Asker: 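Following this message is one structure expressed as structure tokens.
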Amino acid sequence: MSKFGSLALVCADNPGAFLGTEEAQSEGELDGADLTKVNRALVELGYVVVAEELLESDYDGPSRLPSHVQRPTWWARFF
């Protein structure tokens with residue numbers, strides 16, 4: 001769950017363990033039916049599910065990220 005707003009991330013293990021849910025499914029670490037159930041539940045609760053791959057994109061918007069953050073990403077900003 002995001003620090004801000006109603007954003008949520010679904011991943012098979014720790015964030016970054018796979019290059020997204022598709023890779024986790026192809027390696028047999030994430031069941032597609034389970035992923036569908038989790039995504040549906042999050043949407044029903046009012047969350048927007050964000051793909052893990054997108055969270056590694058550069059973030060160039062306004063923020064007050066700590067000085068130790070070398071390359072701001074959407075992950076660093078919102079999670």
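Just so you know, these numbers come straight off a predicted model, no measurement behind them.
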Asker: Is it the case that more than 12 heavy atoms not belonging to E22 sit under 6.0 Å from its CD atom?
Answerer: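 Open.
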Asker: Taking CG in D13 as the centre, count heavy atoms belonging to other residues, nucleotides or ligands within less than 6.0 Å. Is the count above 12?
Answerer: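 Yes.
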Asker: Name all pairs fulfilling the ring-ring contact (aromatic ring centres under 6.0 Å, His included) condition that reach into residues 13-44, sequence neighbours left out, sorted by first residue then second.
Answerer: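 Applying ring-ring contact (aromatic ring centres under 6.0 Å, His included) to every pair that reaches into residues 13-44, excluding sequence neighbours, yields nothing.
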Asker: Can you name the ring pair (Phe, Tyr, Trp, His ring centres under 6.0 Å) partners of W74, sequence neighbours left out?
Answerer: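 Residues passing ring pair (Phe, Tyr, Trp, His ring centres under 6.0 Å) with W74: Y59, F78.
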Asker: Throw together a table of side-chain donor-acceptor distances under 3.5 angstrom for residues 37-53, partners on residues two or more places apart or in other chains.
Answerer:
residue	atom	partner	partner atom	Å
N39	ND2	L35	O	3.4
E52	OE2	G16	N	2.5

Asker: Taking side chain to side chain donor-acceptor pair (under 3.5 Å) as the test, write out the residues that go with D58, two or more places apart.
Answerer: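 Counting only residues at least two positions away or on another chain, D58 forms a side chain to side chain donor-acceptor pair (under 3.5 Å) with R71.
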Asker: Restricting to non-hydrogen atoms, name the atom on V10 and the atom on T21 that form the minimum distance, rounded to 0.1 Å.
Answerer: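 Closest heavy-atom pair between V10 and T21: O-CG2, 3.5 Å.
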Asker: Would you give the length of the straight line joining atom OG1 of T73 to atom CG of L54, rounded to the nearest 0.5 angstrom?
Answerer: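 T73 OG1 to L54 CG: 11.5 Å, rounded to 0.5 Å.
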Asker: Rounded to the nearest 0.5 Å, how far apart are CE of M1 and CG of L9?
Answerer: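 M1 atom CE to L9 atom CG measures 10.0 Å (nearest 0.5 Å).
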